[in-house]
Amino acid sequence: MSVTVRMAPSPTGFLHIGGVRTFLFNWLYARQHGGRNLLRIENTDTSREVAEATHQIQESLRWIGIEWDGDVTFQLDRMDDCRRVAEQLVAEGKAYEDEGAIRFRMPDEGVTAWDDVVRGHVEVPNETIEDLVLIRSDGRPTYNFASPMEDVWDGITHVIRGEDHISNTPKQIQIIRAIGADVPVYAHVPNIFGSDGKKLSKRHGATGVDEFQREGYLPETMLNFLALLGWAPDGETTLMRRDELIERFSLERVSPSPAQFDYAKLDWMNGVYLRELSPEEYAHRLVLWLGDEGYDWDAQLVTRAAPLVQEKIAKLSEFPGFAGFLFHDVEPDPADLDGGAPVIEAARGALATLEPFDAEHIEASLRGVVEGLGLKPRQGFQPIRVAITGSRVSPGLFESIELLGRETTLSRLAAAAAIA
RNA sequence: GCCCCCAUCGACUAGCGGCCCAGGUCGCGGCCCUUUCAAGGCCGUAGCGCGGGUUCGAAUCCCGCUGGGGGCACCA
């Protein structure tokens, strides 16, 4: 039997990171088994918000690299089919009319059970399940009717979804059995919590996929990090790219207990992937990201600056703050200049005529200046750094000076010397 | 109230009865390197929620408790 799974977001807003993790598991499972991964929008109306959210969801999936097969389908389009099935169930005595709505007759004895791939055997007493509404009195099918029906029609073999659906499962199983279809395999994956153990929400930081993108996280980071939330191939491996994830993923190894989203570890991992990029690729991504965020900085200069920051920042969004001095004027805090006027002046004198004006020679020259004044390197270079970059923290000083160019360097040194 | 799910370092997890006085990764602390910040190297910190069983032996199996979470809609 070939595998067919589905991602079923409701178009109520932007794609939440918890939902993406669930979709990721669907996709990994489908790819590993050479099966299909469908994208099914569980909408109940056709408003403009829905259209926008649907678009946004696809954009986010594309960005992160989770693919779907075939056309996107909409629950709303199958309303009529749902109604027909409900009427059939009424005719068979398995459902009944109730004040204009149609209710499903739940068995009131025994249990409904299934073997959940991540949780094992689960069973619920039927007496605790009420007769649920299939069709509202306005004619629209309810979620708990439409969703399992779509699973049947789409030939879904494995329903991989969030654990908040566990209590819906017995209801849906009963419906599927009532129409005489095969019940799919269920796998309920755990929730993702925020760093305080509570539900992931805005105050924890980014929660929408688009926000992670804007923060300067790489798609490969998100894929790797999310996969590890609730799943691990073994006790050792933490860094895995797309192909390895597909190869090693296993639904059976998904943990049943909820995980907390750890932004600190995410940052670490992003730094790893950022550093792994070739200098060319790194510069490319940086330029694209800056463009997306509305910076009109010179791409040539960004490209030349990229190698100076690649080892030093964990997110692309740190670039403007860290290397912005290359693109705009700076205002050093006199306190940070720390009375460094003498060394700043001396540096200005040395650099004024230095040839060639490159990092190697700049370093040699400045080391001479600092030594000449009897200063330790860290004492001597710091005022110069502040003068040049406007900050106590910066990329390598000598390379930065080379990129800035002689003219700007000299004027910044002069300005700083005046206020130090 | 009823039903269901969950429970190993601060976090993500490995562990599926002896290989575990519990391993890896992040974080955190220290040291080294060092022009700042990072990166890197080395060392370290810290955990099986509690109580009963079962067993020669339990983090691992069973029961209870406690604590989290979800559900009980003509929401999805």
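None of the values given here were measured: they were computed from a predicted structure. Note that these values count all heavy atoms, side chains included, but never hydrogens, waters or copies made by symmetry.
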What's the [atom1]-[atom2] distance between [X] and [N], to the nearest Å?
{"X": "A:E123", "N": "B:C2", "atom1": "CD", "atom2": "C1'", "value": "17 Å"}
{"X": "A:H121", "N": "B:C62", "atom1": "NE2", "atom2": "P", "value": "14 Å"}
{"X": "A:D131", "N": "B:C72", "atom1": "CG", "atom2": "P", "value": "15 Å"}
{"X": "A:D138", "N": "B:C74", "atom1": "CG", "atom2": "P", "value": "12 Å"}
{"X": "A:N144", "N": "B:C72", "atom1": "CG", "atom2": "P", "value": "8 Å"}
{"X": "A:E371", "N": "B:U35", "atom1": "CD", "atom2": "C1'", "value": "13 Å"}
{"X": "A:M106", "N": "B:C3", "atom1": "CE", "atom2": "P", "value": "18 Å"}
{"X": "A:I102", "N": "B:C74", "atom1": "CD1", "atom2": "C1'", "value": "12 Å"}

By the 4.0 Å heavy-atom rule, please label [X] as base, sugar-phosphate, or nothing.
{"X": "A:V122", "value": "sugar-phosphate"}
{"X": "A:E42", "value": "sugar-phosphate"}
{"X": "A:N168", "value": "base"}
{"X": "A:R161", "value": "nothing"}
{"X": "A:G230", "value": "sugar-phosphate"}
{"X": "A:P170", "value": "nothing"}
{"X": "A:A101", "value": "base"}
{"X": "A:S10", "value": "sugar-phosphate"}
{"X": "A:N43", "value": "nothing"}
{"X": "A:D98", "value": "base"}

- [ ] Would you mind reporting whether A:S60 and A:I64 have side-chain heavy atoms less than 4.5 Å apart?
- [x] no
Between [X] and [Y], do the side chains contain an N or O donor and an N or O acceptor separated by less than 3.5 Å?
{"X": "A:R385", "Y": "A:S394", "result": "yes"}
{"X": "A:S255", "Y": "A:S257", "result": "yes"}
{"X": "A:N126", "Y": "A:D108", "result": "no"}
{"X": "A:H121", "Y": "A:E123", "result": "yes"}
{"X": "A:Q56", "Y": "A:E52", "result": "no"}
{"X": "A:W114", "Y": "A:D116", "result": "yes"}
{"X": "A:Q75", "Y": "A:N43", "result": "no"}

Give me the distance, rounded to whole Å, that separates [N] from [M] when you measure between the [atom1] atoms they each carry.
{"N": "B:U13", "M": "B:G18", "atom1": "P", "value": "23 Å"}
{"N": "B:U35", "M": "B:C19", "atom1": "P", "value": "49 Å"}
{"N": "B:G27", "M": "B:G47", "atom1": "C1'", "value": "15 Å"}
{"N": "B:U54", "M": "B:G64", "atom1": "C1'", "value": "15 Å"}
{"N": "B:A73", "M": "B:G10", "atom1": "C1'", "value": "39 Å"}
{"N": "B:C48", "M": "B:A39", "atom1": "C1'", "value": "35 Å"}

The side chain of [X] is closest to which nucleotide in this list: [options]?
{"X": "A:S167", "options": "B:C37, B:G71, B:C3", "value": "B:G71"}
{"X": "A:R253", "options": "B:U35, B:U13, B:G15", "value": "B:G15"}
{"X": "A:F398", "options": "B:A76, B:A73, B:U35", "value": "B:U35"}
{"X": "A:E99", "options": "B:U36, B:C74, B:A14", "value": "B:C74"}
{"X": "A:F193", "options": "B:G69, B:A14, B:U35", "value": "B:G69"}
{"X": "A:V393", "options": "B:C37, B:U13, B:G70", "value": "B:C37"}
{"X": "A:R385", "options": "B:U36, B:A38, B:C72", "value": "B:U36"}
{"X": "A:L397", "options": "B:U35, B:C4, B:A76", "value": "B:U35"}

Open item on the list: Go nucleotide by nucleotide along RNA chain B from the 5' end; which of A:S257 and A:D164 gets its closest nucleotide reached first?
Closed with: A:S257
TODO: Using the closest heavy atom to pick a nucleotide of RNA chain B for each, name whichever of A:P125 or A:P395 lands nearer the 5' end.
DONE: A:P125
Task: Presence of salt bridge, A:E276 and A:R241, under 4.0 angstrom - done: yes
TODO: Give a yes or no on whether a salt bridge exists between A:R248 and A:D234, defined as a side-chain N under 4.0 angstrom from a carboxylate O.
DONE: yes
Should [X] be listed as having a side-chain N or O under 4.0 Å from OP1 or OP2 of [N]?
{"X": "A:R275", "N": "B:A38", "answer": "no"}
{"X": "A:R392", "N": "B:C37", "answer": "no"}
{"X": "A:R119", "N": "B:G70", "answer": "no"}
{"X": "A:R140", "N": "B:C74", "answer": "no"}

TODO: Taking atom CZ of A:R392 as the centre, report whether more than 12 heavy atoms of other residues, nucleotides or ligands fall under 6.0 Å from it.
DONE: no
Task: Ring geometry between A:F249 and A:F25 (parallel below 30°, tilted from 30 to 60°, perpendicular above 60°) - done: tilted
Task: Annotated protein contacts, base or backbone, on nucleotides 42-47 of chain B with a non-hydrogen cut-off under 4.0 Å, one of B, S, - each - done: ------
Task: Sugar-phosphate or base contact per nucleotide [nucleotides 18-26 of chain B; S, B, -; heavy atom under 4.0 Å] - done: -----BBBS
Task: Ring centre gap for A:Y263 and A:Y217 strictly below 6.0 Å - done: no
Task: Distance-only donor-acceptor test, A:S137 side-chain atoms vs B:C74 base atoms, 3.5 Å - done: yes
